[in-house]
**Student:** 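Pasting a structure below so you can have a look.
The figures here come from the full heavy-atom set of this structure, side chains too, leaving out hydrogens, waters and symmetry mates. All values derive from a computational prediction rather than experimental measurement.
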Amino acid sequence: MVSGPRARFVSRRRLLAAAVLGLPAIGGGALVWWTWGGSEQSPGRPDADRNIRRRETRPTLDPARFNGKAARAHQVARDIPDVLDQLHCYCGCDRSVGHVSLLSCYTDNHAVT
């Protein structure tokens, strides 16, 4: 264990390192939280000002139209639509195709591939 003036130097160096490394991490985390939905009033969310969540109202495609995994996936979408309607699809189809949830992918041919 270090004592005396050297201990104060080590302690100050650790404090400085913690500040230099920790403050940007905390600031970055706060920025991400604020941007990506830390509250219902976040500016990064399209429905934030209306405080409502859009739901998918279109029916899913018939699983009999598909084979293999695509048929099984469409059957699951038909069996538990409320669950899939609560999940976000991360491929960007909400911006490019106008989908509102993962369930939207099963109302057109988007989920086939």
**Student:** Before accepting this row, confirm whether a basic side-chain N of the pair R54/D85 lies closer than 4.0 Å to the acidic partner's carboxylate O.
**Tutor:**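 Salt bridge absent between R54 and D85.
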**Student:** State, yes or no, whether a side-chain contact exists between D108 and V97 at a heavy-atom distance under 4.5 Å.
**Tutor:**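 With C-beta onward as the side chain, the pair touches.
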**Student:** Output, in order, the C-alpha distance, side-chain angles, deciding distance and verdict of side chain to side chain contact (heavy atoms under 4.5 Å, CB included) for H110 and C91.
**Tutor:** CA-CA 10 Å; H110 185 226; C91 77; 3.3 Å; yes
**Student:** To the closest 0.5 Å, what do you measure between CG (L61) and CZ (R78)?
**Tutor:**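 The CG atom of L61 sits 8.0 Å away from the CZ atom of R78.
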**Student:** Examine L87 and V100 and state if one hydrophobic cluster contains both, with Ile, Leu, Val, Met, Phe, Trp and Tyr joined whenever side-chain heavy atoms are less than 4.5 Å apart.
**Tutor:**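 As far as the 4.5 Å side-chain criterion goes, V100 and L87 are not connected within one cluster.
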**Student:** Nearest 0.5 Å, please: how far is CG in L84 from OG1 in T107?
**Tutor:**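 Reported to 0.5 Å precision, the distance equals 11.5 Å.
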**Student:** Please assess R72 against D79 for the test salt bridge (Lys or Arg N to Asp or Glu O under 4.0 Å), listing each intermediate value before the final yes or no.
**Tutor:** CA-CA 10 Å; R72 288 193 302 269; D79 291 343; over 6 Å; no
**Student:** Are any of the side-chain heavy atoms of H99 and C89 separated by less than 4.5 Å?
**Tutor:**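 Answer no - side chains too far apart.
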**Student:** Aromatic rings F66 and H74: how do their planes relate, parallel, tilted or perpendicular, breaks at 30° and 60°?
**Tutor:**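 Rings of F66 and H74: parallel, as their planes differ by under 30°.
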**Student:** Does R65 have any salt bridge (charged side-chain N to carboxylate O under 4.0 Å, His left out) partners at least two apart in sequence or in another chain, and if so, which?
**Tutor:**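 So R65 forms no salt bridge (charged side-chain N to carboxylate O under 4.0 Å, His left out) with any residue.
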**Student:** Taking atom types as modelled, is there a side-chain donor on S101 or E56 under 3.5 Å from an acceptor on the other?
**Tutor:**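 S101 vs E56: no donor-acceptor pair found between side chains.
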**Student:** Below 4.5 Å, heavy atoms only, C-beta onward: do D94 and H88 meet side chain to side chain?
**Tutor:**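 D94 vs H88: side chains touch.
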**Student:** Taking C-beta and beyond as the side chain, do C93 and C105 meet within less than 4.5 Å on heavy atoms?
**Tutor:**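 Answer yes - side chains close enough.
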**Student:** Please report the closest heavy-atom contact between A70 and V112, naming both atoms and the distance.
**Tutor:**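 A70 and V112 have their closest heavy atoms at CB-O, 4.1 Å.
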